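To keep things clear, I will list the structure first and then write my remarks on it.
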Amino acid sequence: MKSDHDIYLFREGTHAKLYNKLGCHLQSNGGANFAVWAPNAESVSVVGDWNYWSGNVDRLDLRNDGSGIWQGFVENAVRGQGYKYRIQSSHGSYGVDKADPFAFYAEAPPATASRVWSLEHDWKDDQWMSSRGPKNALDAPMSIYEIHLGSWRRQDGHFLDYRELAHSLADYVIEMGFTHVELMPVTEHPFYGSWGYQTTGYFAPTSRFGTPQDFMHFVDHLHQRGIGVLLDWVPSHFPTDEHGLGYFDGTHLFEHSDPRQGFHPEWNSSIFNYGRNEVRSFLISSGLFWLDKYHLDGLRVDGVASMLYLDYARKEDEWIPNRHGGRENLEAVDFLQTLNKAVYREYPDTLTIAEESTAWPRVSRPTDMDGLGFGMKWNMGWMHDSLAYMQQEPVHRKYHHHKLTFSLMYAFNENFVLPLSHDEVVHGKGSLLGKMPGDAWQQFANLRALFGYMWAHPGKKLLFMGGEFGQRREWTHDGELEWWVTKLEGHAGLQRYVAQLNRVYRSLPALYQLDFSPAGFEWVEADAADTSVFAFLRKPRERGAPVLIVSNMTPVPRTNYMLGVPLAGFWREVINSDASEFGGSGWGNLGGVEASPVRFHGRPHSVCLTLPPLSTLIFEHVPHA
């Protein structure tokens, strides 16, 4: 910290680039500068491999400006060496060795020291970076493949490193037609079984898979292959491991001191004090760090609901109301707004996505409209209702018809992502395929029909790894996905279907351009509960031709099923989830149907379709020459 302006921004809670100022920074002529925030420390030393972990050698000096920052130059620090801060608190006799909150790299767990490191890399993704804005925009096709790096693939039971993952994952994502990958947290975490959601290193990619440069290569390579990279980021809580952020300088520095505000009962972790400006600067800097130093395309912000509500996962007497007596966490709201303003100010061609599971208003609306400022929000209601509907035996679905139509009552209140994420295939919930009723054939048919409905429904798409080929067992972080099942016909057919679905989705602007506008959607048949048929139009910008989507959610084939359409001409069947190549029974419309000048459903023309069992069909309008 050399600038008074930096100190001002830090203490104001708006500094977005603290990683350039605090932490360890190697110097070109040798040695390294160290700086750490510990306002309640009596003394701070850097202990490490070079000084045999002695606290009497490399003591830091406290700045005299009231910032609470200790800093100093260490002549003998060399890249790769381990280090920590030895902090003696001014409160009692508390002393502790802490990892650097701003460390760029850490020892491989279970070791806990930070490493002296730097972040140079010869980036080769200029073409992606200069053109990514339209690819990350609200009117772009976005089909996201969610992945946990430690359990996607392994080699002889061992992790693949970032470089190995880069090449095999890029090949697979391109083959499957996804536009983006979303990484479950790669920020350093001590417990592998937390999947990265218990973070201690907010500026360090986990060393389980390699160095920071290896992770840069990972992102660089995916970008060069035309794939966007999103990061699951966790500003909602942090673990209580002694070497981490908790009780950092002998006081509750990063977290609230009162457990009714500072302890998360559901996750057994600490909650950030969003009302403390220095903590806000720390978190905002972490978010922007990944967009800056690692060229990431966006942040999916985890646990937003837990941040917004003071009584989240708490009983009546276990929380403290805000200054107005309400349950809203006003400091967290302000922090999220400040974060999103900073992201879109500094990196307007990226995006932020909120995992927010309640009806909090205007999550994905601008802050000047009293919104939280996110680009998009996960649609947890759609996920819950859709899975609840599909888990019903088809004979009972007519009694639950509204579960698939209700989402259109609120589909345009936010900019939604439709998630079928890791959360739906863990903790005893089983796999997506396992949720589907019926025998094996019907399970695959149901899942293909659901995916077709999902890809056609307004909103961007997110699918957790393994779902695309119908993994049968519940996901576990130990071991890899059940890749062997892709050699079995039902699974291989589903995998081919998802790949084709992605290609069709990306080729039809009607399926993505107006995802967040009611002008892009129109029901054709919303009330056919007795037949469990759903039909709707998706429409592109500028009066382009619409796309017709029809789902038959029973195993009963329906012939001569009449639907009204707005245009004369040929309606070409561009995808049929029941096609033989996908493992279906082969029912269909022989490539498409000609519209008749027979008025139906309030439209001037109509088509008579064959609806295969447990299927979703997508038709593209082809005008006559």
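Computed over heavy atoms, backbone and side chain alike; hydrogens, waters and symmetry mates excluded. Keep in mind it's a predicted model, so treat the numbers as computed, not measured. Positions are given from 1, in the same order as the sequence printed here.
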Exercise for the section: Take Tyr344 and Leu351 through the side-chain contact (heavy atoms from CB on, under 4.5 Å) test and state the conclusion after the steps. Expected result: CA-CA 8 Å; Tyr344 285 107; Leu351 66 152; 3.8 Å; yes
Problem - ring pair (Phe, Tyr, Trp, His ring centres under 6.0 Å) between His223 and Trp123, worked out - result: CA-CA 10 Å; His223 280 174; Trp123 288 93; 7.3 Å; no
Practice task
For Arg538, check salt bridge (Lys or Arg N to Asp or Glu O under 4.0 Å) against everything at least two apart and list the hits.
Solution key: Asp515
Exercise for the section: For Asn340, enumerate each residue passing the side-chain hydrogen bond (donor to acceptor under 3.5 Å, both in side chains) test, keeping only those at least two apart in sequence or located in another chain. Expected result: Thr352
Problem - Closest non-hydrogen atom pair, Thr616 against Gly452 - result: CG2-C, 3.6 Å
Fill in the blank from the handout: Hits for salt bridge (Lys or Arg N to Asp or Glu O under 4.0 Å) against Lys461, two or more places apart or cross-chain, chain-then-number order -> none
N/O donor to acceptor pairs below 3.5 angstrom from side-chain atoms of residues 467-474, sequence neighbours left out:
from	atom 1	to	atom 2	distance (Å)
Glu468	OE1	Gly466	N	2.7
Glu468	OE2	Tyr145	OH	2.8
Glu468	OE2	Tyr172	OH	2.6
Gln471	OE1	Glu482	N	2.8
Gln471	NE2	Arg473	O	3.3
Arg472	NH1	Gln443	OE1	3.1
Arg472	NH2	Gln443	OE1	3.1
Arg473	NH2	Glu480	O	2.6
Glu474	OE1	Gly428	N	2.8
Glu474	OE1	Lys429	N	2.9
Glu474	OE1	Gly430	N	2.9
Glu474	OE2	His427	N	3.4
Glu474	OE2	Gly428	N	3.2

Practice task
Could you list all the salt bridge (Lys or Arg N to Asp or Glu O under 4.0 Å) pairs where at least one residue sits in residues 358-382, not counting sequence neighbours?
Solution key: Glu356-Lys377, Arg362-Asp370
Problem - Residues which pass salt bridge (Lys or Arg N to Asp or Glu O under 4.0 Å) with Glu164, listed by chain and number, not counting sequence neighbours - result: none
Exercise for the section: Hey, could you give me each pair passing side-chain hydrogen bond (donor to acceptor under 3.5 Å, both in side chains) that has a residue in residues 580-592? Not counting sequence neighbours. Expected result: Glu573-Asn589, Asp578-Ser585
Exercise for the section: Could you tell me which residues satisfy side-chain hydrogen bond (donor to acceptor under 3.5 Å, both in side chains) with His601, sequence neighbours excluded, listed by chain and number? Expected result: Glu525
Handout entry: For Ser407, all residues meeting side-chain hydrogen bond (donor to acceptor under 3.5 Å, both in side chains), sequence neighbours excluded
Key = His457
Handout entry: Whether Tyr453 and Phe534 hold their rings parallel, tilted or perpendicular, with breakpoints at 30° and 60°
Key = perpendicular
Exercise for the section: Check whether more than 12 heavy atoms from other residues, nucleotides or ligands sit under 6.0 Å from atom CD of Glu489, and answer yes or no. Expected result: yes
Handout entry: Taking every non-hydrogen atom, the tightest pair across Pro394 and Thr554
Key = CB-CA, 4.1 Å
Exercise for the section: Take atom CZ of Phe406 as the centre, draw a 6.0 Å sphere, and report whether it contains more than 12 heavy atoms from other residues, nucleotides or ligands. Expected result: no
Handout entry: Over all atoms of both residues, closest heavy-atom pair of Pro540 and Ala545
Key = CD-O, 3.3 Å
Exercise for the section: Could you tell me whether Glu522 atom CD has more than 12 heavy atoms of other residues or ligands within 6.0 Å of it? Expected result: yes
Problem - Exam field: side chain Asn379 to backbone Phe416, donor-acceptor pair closer than 3.5 Å - result: no
Completion exercise
Taken in chain and number order and not counting sequence neighbours, the residues that satisfy side-chain hydrogen bond (donor to acceptor under 3.5 Å, both in side chains) with Arg132 are Asp297, Asp349
Handout entry: Counterpart residues, salt bridge (Lys or Arg N to Asp or Glu O under 4.0 Å), relative to Arg541 (two or more places apart)
Key = Asp139
Practice task
Considering only NZ, NE, NH1 and NH2 on the basic side and carboxylate oxygens on the acidic side, decide whether Asp302 and Arg300 come within less than 4.0 Å.
Solution key: yes
Practice task
Scan for salt bridge (Lys or Arg N to Asp or Glu O under 4.0 Å) pairs involving residues 219-231, sequence neighbours excluded, and state none if there are none.
Solution key: Asp171-Arg225
Completion exercise
Partner of Leu165 under side chain to side chain contact (heavy atoms under 4.5 Å, CB included), picked from Trp152, Phe215, Phe159, is Trp152
Practice task
Using the side chain to side chain contact (heavy atoms under 4.5 Å, CB included) rule, pick out the option among Leu609, Val622, Val565 that qualifies with Trp571.
Solution key: Val565
